[in-house]
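Model, not experiment: these values are computed from the prediction. Only this structure's heavy atoms are used, side chains among them; waters, hydrogens and symmetry mates stay out. Residue numbers run from 1 in the order of the sequence given.
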Amino acid sequence: MGIVSTIQDALTTESASPSTEPESKSTGAYWCDDCDVRVRDVDVEPEGLDRDDEGTPECPDCGSAMRFERSHADGCAC
(Lines give C-alpha, C1' and ligand atoms only; values in the text may rest on other atoms or scores of the structure.)
Protein backbone atom coordinates (compact mmCIF):
# COMPACT_ATOMS: atom_id res chain seq x y z
CA MET A 1 0.00 0.00 0.00
CA GLY A 2 1.40 3.37 -1.00
CA ILE A 3 1.48 6.51 1.07
CA VAL A 4 -1.17 8.22 -1.09
CA SER A 5 -3.64 5.35 -0.70
CA THR A 6 -2.91 5.17 3.04
CA ILE A 7 -3.73 8.87 3.47
CA GLN A 8 -6.78 8.55 1.24
CA ASP A 9 -8.06 5.57 3.25
CA ALA A 10 -7.54 7.42 6.52
CA LEU A 11 -9.40 10.50 5.31
CA THR A 12 -12.22 8.49 3.79
CA THR A 13 -12.67 6.34 6.89
CA GLU A 14 -12.60 9.36 9.20
CA SER A 15 -15.15 11.37 7.25
CA ALA A 16 -17.43 8.42 6.58
CA SER A 17 -17.81 7.41 10.21
CA PRO A 18 -20.42 9.33 12.18
CA SER A 19 -19.26 11.29 15.17
CA THR A 20 -19.64 9.39 18.43
CA GLU A 21 -19.95 12.61 20.41
CA PRO A 22 -23.30 14.40 20.43
CA GLU A 23 -23.41 17.93 19.11
CA SER A 24 -22.80 20.27 22.02
CA LYS A 25 -24.76 23.48 22.08
CA SER A 26 -22.47 25.61 24.17
CA THR A 27 -23.76 29.05 25.07
CA GLY A 28 -20.65 30.28 26.88
CA ALA A 29 -17.98 29.42 29.36
CA TYR A 30 -17.29 29.77 33.07
CA TRP A 31 -14.19 31.71 34.03
CA CYS A 32 -12.18 32.06 37.22
CA ASP A 33 -10.84 35.59 37.22
CA ASP A 34 -8.20 34.75 39.85
CA CYS A 35 -6.73 31.67 38.14
CA ASP A 36 -7.65 32.33 34.49
CA VAL A 37 -9.28 28.88 34.37
CA ARG A 38 -11.92 28.48 31.65
CA VAL A 39 -14.51 25.68 31.40
CA ARG A 40 -17.15 25.57 28.66
CA ASP A 41 -20.69 25.32 30.03
CA VAL A 42 -21.20 21.93 28.38
CA ASP A 43 -18.03 20.59 30.08
CA VAL A 44 -18.96 21.47 33.68
CA GLU A 45 -20.78 18.18 34.37
CA PRO A 46 -18.32 15.87 32.55
CA GLU A 47 -15.43 17.46 34.46
CA GLY A 48 -17.29 16.97 37.76
CA LEU A 49 -16.90 20.52 39.03
CA ASP A 50 -18.36 21.29 42.43
CA ARG A 51 -21.08 23.94 42.62
CA ASP A 52 -21.79 26.57 45.24
CA ASP A 53 -25.17 27.01 46.99
CA GLU A 54 -26.53 28.97 43.99
CA GLY A 55 -25.46 26.27 41.50
CA THR A 56 -22.52 28.20 40.06
CA PRO A 57 -19.52 26.01 39.25
CA GLU A 58 -16.48 26.45 41.48
CA CYS A 59 -12.96 26.79 40.12
CA PRO A 60 -11.15 23.43 40.22
CA ASP A 61 -7.90 25.22 41.20
CA CYS A 62 -8.91 27.69 43.92
CA GLY A 63 -12.56 26.85 44.76
CA SER A 64 -13.94 30.34 44.00
CA ALA A 65 -17.25 30.75 42.19
CA MET A 66 -16.72 31.12 38.46
CA ARG A 67 -18.18 33.86 36.24
CA PHE A 68 -20.34 32.92 33.23
CA GLU A 69 -19.57 34.70 29.99
CA ARG A 70 -21.38 34.38 26.68
CA SER A 71 -19.81 34.67 23.27
CA HIS A 72 -22.16 35.25 20.35
CA ALA A 73 -19.63 36.44 17.77
CA ASP A 74 -19.66 33.31 15.64
CA GLY A 75 -22.13 31.05 17.42
CA CYS A 76 -19.31 29.39 19.35
CA ALA A 77 -18.58 29.76 23.03
CA CYS A 78 -14.85 29.65 22.45
Side-chain angles (χ1 to χ4, degrees):
M1 191 183 305
I3 191 161
V4 173
S5 61
T6 302
I7 293 171
Q8 185 178 17
D9 288 346
L11 293 174
T12 303
T13 303
E14 188 175 307
S15 63
S17 63
S19 176
T20 57
E21 294 184 30
E23 285 286 324
S24 63
K25 300 294 181 187
S26 179
T27 59
Y30 287 94
W31 290 84
C32 178
D33 294 319
D34 295 332
C35 302
D36 290 330
V37 171
R38 174 188 173 272
V39 180
R40 287 181 41 204
D41 59 342
V42 295
D43 293 331
V44 170
E45 295 302 321
E47 290 191 22
L49 297 182
D50 292 329
R51 293 182 180 262
D52 64 10
D53 293 337
E54 296 175 5
T56 304
E58 296 176 342
C59 176
D61 290 352
C62 71
S64 296
M66 299 176 83
R67 172 179 54 86
F68 184 73
E69 183 175 286
R70 288 191 167 103
S71 174
H72 295 290
D74 58 2
C76 174
C78 301

Peer 1: Going by ring pair (Phe, Tyr, Trp, His ring centres under 6.0 Å), name the pairs with one or both residues in residues 44-70, residues two or more places apart or in two chains.
Peer 2: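 Qualifying pairs, neighbours excluded: Y30-F68.
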Peer 1: My understanding is that only residues two or more places apart in sequence, or in another chain, count here; which of them pass side-chain contact (heavy atoms from CB on, under 4.5 Å) with E45?
Peer 2: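 R51.
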Peer 1: Write down the atom of M66, the atom of P60, and the distance for their closest heavy-atom approach.
Peer 2: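 Closest approach of M66 to P60, heavy atoms only: SD-CD, 4.4 Å.
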Peer 1: Hydrophobic cluster membership, with links at side-chain heavy-atom distances under 4.5 Å among I/L/V/M/F/W/Y: are V39 and V42 in one?
Peer 2: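 Different hydrophobic clusters.
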Peer 1: Atom CD in E69, atom OG1 in T27: separation rounded to 0.5 Å?
Peer 2: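 OG1 of T27 is found 12.0 Å from CD of E69.
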Peer 1: With sequence neighbours excluded, what pairs up with D53 under the side-chain hydrogen bond (donor to acceptor under 3.5 Å, both in side chains) test?
Peer 2: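 Per chain and number, D53 pairs via side-chain hydrogen bond (donor to acceptor under 3.5 Å, both in side chains) with no residue.
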Peer 1: Residues in side-chain contact (heavy atoms from CB on, under 4.5 Å) with D52, at least two apart?
Peer 2: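 D52 satisfies side-chain contact (heavy atoms from CB on, under 4.5 Å) with E54, T56, E58, A65 once adjacent residues are dropped.
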Peer 1: According to salt bridge (charged side-chain N to carboxylate O under 4.0 Å, His left out), who are the partners of D33, at least two apart in sequence or on a separate chain?
Peer 2: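 Partners of D33 under the salt bridge (charged side-chain N to carboxylate O under 4.0 Å, His left out) test: R67.
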